[in-house]
Every structure is written in structure tokens, then in C-alpha cells.
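Reviewing the structure listed below.
Reckoned from all heavy atoms, side chains included, excluding hydrogens, waters and symmetry mates.
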Amino acid sequence: MASLDGKHSFGSIGETRVTFVEKGLDENRRDFLKQLLEHNGFEVVTEEETKKMEEDPQLYTVAVTDMVFNPTIWIFERKMRTLDGHKVTQDYWFQRTTDTKPQYWKNS
């Protein structure tokens with residue numbers, strides 16, 4: 001998975017101007033991001049990427065129509081919410097955990 005680098009990547013899908021969220025995703029990751037972003041009020045646009053060979057897995061691009069959206073800003077400024085209302089953390093965004101406590105460190 002990619003990291004949150006803060007780079008703002010934009011372009012077009014079809015005739016729609018978009019901000020790209022992530023590219024090269026499998027179906028599970030596409031569905032997760034689509035549901036999370038729509039829950040947070042974004043209009044999501046997805047696109048199937050072209051396969052180089054027939055046996056390659058199908059990959060997808062996920063984008064939003066909000067031209068100023070940047071996932072890094074939304075996550076670290078704690079603007080984004082999970083489906084049950086908790087703040088989205090970096091680990092939740094990357095599906096490393098379903099724990100939504102907004103701590104970026106662990107005290108043992």
C-alpha cells in the first residue's frame with residue numbers, strides 16, 4: 001500500500017475532473033475507500049485500469065470530484081469519520097486495524 005505523502009494528484013476520469021485518491025487497487029480496497037469517502041460526503045468516481053495481460057488481476061483507480069481533497073490533510077486533521085462516527089486514523093485508512101482510537105503511539 002502507498003503511504004500518505006501529501007502529494008495532490010489530479011486529472012480526469014472520462015469527462016470528470018477528479019482528485020486521485022489511490023491507484024492500482026484491488027476490489028476489496030476499492031470498495032472500502034468508496035464506502036468511507038461517500039460516508040464523508042464525497043462524490044466518488046472509480047475506474048478499471050487496463051490489464052497488460054489477460055491473466056493479470058483487475059485493478060482500480062479511486063478518485064473524488066472535490067478538487068481540493070487530500071487524504072493526508074483529512075486524516076491528520078481528524079476531519080474524516082468512520083461509518084460508526086469515530087475519527088479515521090492512518091492505520092484505519094490503510095486497513096491495518098479496525099481500532100479507531102486516535103492515538104498514533106502505544107503505551108504498554
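Annotation: salt bridge (Lys or Arg N to Asp or Glu O under 4.0 Å) contacts involving residues 12-21, sequence neighbours excluded, are absent. Note on residues 33-56: pairs passing ring-ring contact (aromatic ring centres under 6.0 Å, His included), not counting sequence neighbours, are F42-F69, F42-W74.
A search for side chain to side chain contact (heavy atoms under 4.5 Å, CB included) contacts involving E38 returns K34, V44, not counting sequence neighbours. With sequence neighbours excluded, no residue forms a ring pair (Phe, Tyr, Trp, His ring centres under 6.0 Å) with Y60. Scanning for salt bridge (Lys or Arg N to Asp or Glu O under 4.0 Å) contacts around E27 gives R30, with sequence neighbours left out. Partners of E54 according to the salt bridge (Lys or Arg N to Asp or Glu O under 4.0 Å) rule, which considers only residues two or more places apart in sequence or in another chain, do not exist here. Residues passing the side-chain hydrogen bond (donor to acceptor under 3.5 Å, both in side chains) test with T82 are D84, sequence neighbours excluded.
The residue from I73, T89, L36 that alone fulfils the side-chain contact (heavy atoms from CB on, under 4.5 Å) condition with M80 is L36. A side-chain contact (heavy atoms from CB on, under 4.5 Å) with V64 is found for exactly one of L33, N40, V18, V21, namely V21.
Pairing each heavy atom of G11 with each of F20, the nearest pair is N-CE1, 3.6 Å. Minimum heavy-atom separation, R29 to D26: N-OD1, 2.8 Å.
Taking CD of E43 as the start and OG1 of T16 as the end, the distance is 7.5 Å to the nearest 0.5 Å.
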Atom pairs and distances, donor-acceptor, side-chain atoms in residues 45-53, under 3.5 Å, two or more places apart:
residue	atom	partner	partner atom	Å
E49	OE2	G24	N	2.8
E49	OE2	T61	OG1	2.8
K51	NZ	D56	O	3.4

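A distance below 6.0 Å separates the ring centres of F32 and Y92.
When atom types are taken as modelled, the side chain of D66 and the backbone of T19 share no donor-acceptor pair closer than 3.5 angstrom.
In this structure, L59 shares a hydrophobic cluster with no other residue, the cluster being traced through Ile, Leu, Val, Met, Phe, Trp and Tyr side chains under 4.5 angstrom apart. Hydrophobic cluster membership for M67: F10 (Ile, Leu, Val, Met, Phe, Trp, Tyr linked by side-chain heavy atoms under 4.5 Å, directly or transitively).
Between L83 and Q35, the closest side-chain pair of non-hydrogen atoms falls below 4.5 Å.
Under the 4.5 Å side-chain contact rule for hydrophobic residues, V62 and F94 share a cluster. In the hydrophobic clustering of this structure, I75 groups with L25; members are Ile, Leu, Val, Met, Phe, Trp, Tyr whose side-chain heavy atoms approach within less than 4.5 Å, directly or through other members.
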